[in-house]
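Have a look at the structure below, then the notes.
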Amino acid sequence: MPINITMPALSPTMEEGNLAKWLVKEGDTVTSGDVIAEIETDKATMEVEAVDEGTIAKILVAEGTEAVKVNSIIAVIAEEGEDASAIEAPAASAAPAPSAAEPASAEAPAPTVPSGDVSATPLAKRVAAQEGVDLGSVSGTGAKGKIVVADVTGAGTGAATAAGRLFASPLARASAKEAEIDLAKVSGSGPNGRIIQRDVEAAIASGTAKIGSPEPAAEAPKATAPALATGPADDVVLGMLEEGTYELKPHDGMRKIIASRLTESTQTIPSYFITVDCELDNLLALRADMNSAAPVGENDKPEWKISVNDFIVKAMAIALQKVPMANAAWTSSARVLHKHSDVGVAVAIPDGLFTPIVRQAELKSLSVISSEIKDMAGRAKNKKLMPHEYQGGSTAVSNLGMFGVKEFTSIINPPHASILSIGAGEKRPVVRGNELTIATLMTATFAFDHRVIDGALGAELAAAFKVAIEKPAGMLA
């Protein structure tokens, strides 16, 4: 019987991915283990292998398709003896399932309005197509009468509002359908009365908006401010711009994940910051000695070249072992105390960020840490990291010293409870005893999750890190 190939889950949290490339075509013969496609997640490009042998009978999802749901069928293999041409595509998988953000709608398709017939922002056009709004019947409140999203979602005075449509976000509609909530009985708290997810959640909790339940008592209408004053920031910005003076760069998967996780962090983690200045002169001297002593390998190149950042990663790992209560993470029922120091290292890539993790960094030599970071950073820039190489970990280090940044603070990346921000090493005047002298100082700023790491504990970790940096010979033990 035919064998279905499904979109694999490349990590425990993956819900969808992009089908970047097919490496086979219909009619090709494959065996178990053959690489047949490349899948892109938010941070990695990975290969998909055939799970059995046979002939590629049908390719159901074209390469380049975005947001393909995990476990949806992307191709079908015919087993030996089966007629590949006679196999029909599974009806439910002829196209990728719509994502939660863009649920299927039972409403009539949106009227087709040529883009040249109306003046609307690109964002307004996309929302209009999604909501089934005829832009030809909407009055624009933007610059020179241009239609903005607020007009499409109900703030305008045209037929779109007068028609009595329910304006709700796609996620709200999907949640309402699943919970059998009648959106007509839900009051919207979004821009211009739009029903959003939290409104549906409130209706579910109250139990008063179920389909078939009595109509709620009518409420007095609420006063609303003008559309441009209350609309989303993108409405305001795009509504004031002239066509041709800007371009829109759609958010890719990585940008969406970065936005989601860091928004979650700022909304849920009560952070505080501790800053210490560390003297680097001893470390710089030791680094120079170690690099000069590196054995020469192929092409007359030294086998290692240790960076200051490698020392920082090692020092953070040692500090976490000396202050084990700070080597922790938060869950709703307990603190997770890590036994090893798994230190993430922030790596900038074009228009994004990876944080590959040096596992058990407290047990590794500086040369091994250096080699691992170089390898993972190189693969990160090509999106070739495996999920386990950048997921989890104890903490993270973000170093902007190479850009001349003196000091900064970073946002904690869950599930971590801390992050270390490193500024540039620079010559500064210091007082030793009663003498003024010059030393190379580096500013290190720690961000801590106060749910996990109290102030005194955070200060203890910062002090342990400072000792490790200023007495670097201890890292060689």
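None of these values were measured; they are calculated from a predicted model.
Of the possible donor and acceptor atoms, none in the side chain of E362 sits under 3.5 Å from a partner among the backbone N and O of A317. Using modelled atom types, one side-chain atom of W22 and one backbone atom of V61 make a donor-acceptor pair closer than 3.5 Å. Side-chain atoms of E40 do not come within 3.5 Å of backbone N or O of G17 as any donor-acceptor pair. In this structure a side-chain-to-backbone donor-acceptor pair under 3.5 Å is missing from N18 to A20. A distance-only check finds no donor-acceptor pair linking the side chain of S418 to the backbone of F448 [under 3.5 Å]. T263 contributes a side-chain N or O that, together with a main-chain N or O of A259, makes up a donor-acceptor pair within less than 3.5 Å. Listed for the S370 side chain is no donor-acceptor partner under 3.5 Å among the backbone atoms of L366. The main-chain N or O of W304 is never found under 3.5 Å from a side-chain atom of S367 such that the two would form a donor-acceptor pair. In this structure a side-chain-to-backbone donor-acceptor pair under 3.5 Å is missing from N4 to V76. Under the 3.5 Å distance criterion, the side-chain polar atoms of R287 are matched with a main-chain donor or acceptor of I306.
By the 4.5 Å heavy-atom criterion applied to side chains, F354 and M376 are not counted as neighbours. Side-chain contact between V313 and V345 is present, with at least one heavy-atom pair separated by less than 4.5 Å. By the 4.5 Å heavy-atom criterion applied to side chains, I357 and D342 are counted as neighbours.
When all heavy atoms are compared, the tightest approach of I258 to L353 is CD1-N, 4.0 Å. The nearest pair of heavy atoms linking I349 to A380 is CG2-O, 3.8 Å. In terms of heavy atoms, I77 sits closest to G54 at CG2-CA, 3.7 Å. In this structure, L320 and S394 approach most closely via the heavy-atom pair CD1-CB, 4.3 Å. Shortest non-hydrogen contact noted between A176 and L183 is CB-CD2, 3.6 Å. Closest approach of F465 and M316 over heavy atoms only: CD1-N, 3.8 Å.
Screening residues 304-321 for salt bridge (charged side-chain N to carboxylate O under 4.0 Å, His left out), with sequence neighbours left out, gives no hits. Note on residues 386-402: pairs passing salt bridge (charged side-chain N to carboxylate O under 4.0 Å, His left out), not counting sequence neighbours, are R379-E389.
Partners of S410 under the side-chain hydrogen bond (donor to acceptor under 3.5 Å, both in side chains) rule, at least two apart in sequence or in another chain, are S421. R335 pairs by the salt bridge (Lys or Arg N to Asp or Glu O under 4.0 Å) definition with nothing, not counting sequence neighbours. Every residue two or more places apart in sequence or in another chain that forms a side-chain hydrogen bond (donor to acceptor under 3.5 Å, both in side chains) with N309 is listed here: N399. By the side chain to side chain contact (heavy atoms under 4.5 Å, CB included) test, T409 pairs with F273, T445, sequence neighbours left out.
Atom-to-atom distance recorded for D351:CG and R255:CZ is 5.0 Å, nearest 0.5 angstrom. To the nearest 0.5 Å, atoms NE2 (H340) and CD (Q321) are separated by 7.5 Å. Here CZ of R359 is found 14.0 Å from CD1 of I369. Values are rounded to the nearest 0.5 Å. Here S271 contributes atom OG and I411 contributes atom CD1; the two are 8.5 Å apart, rounded to the nearest 0.5 Å. The distance from atom CG of L60 to atom CD1 of I73, rounded to the nearest 0.5 Å, is 7.0 Å. Between E303 atom CD and N291 atom CG the span is 12.5 Å, to the nearest 0.5 Å.
With I422 as reference, I312 is the one residue of L400, I312, V308, V405 to meet the side chain to side chain contact (heavy atoms under 4.5 Å, CB included) rule.
Defined by atom type and a distance below 3.5 Å, a donor-acceptor pair is missing between the side-chain atoms of K256 and S260.
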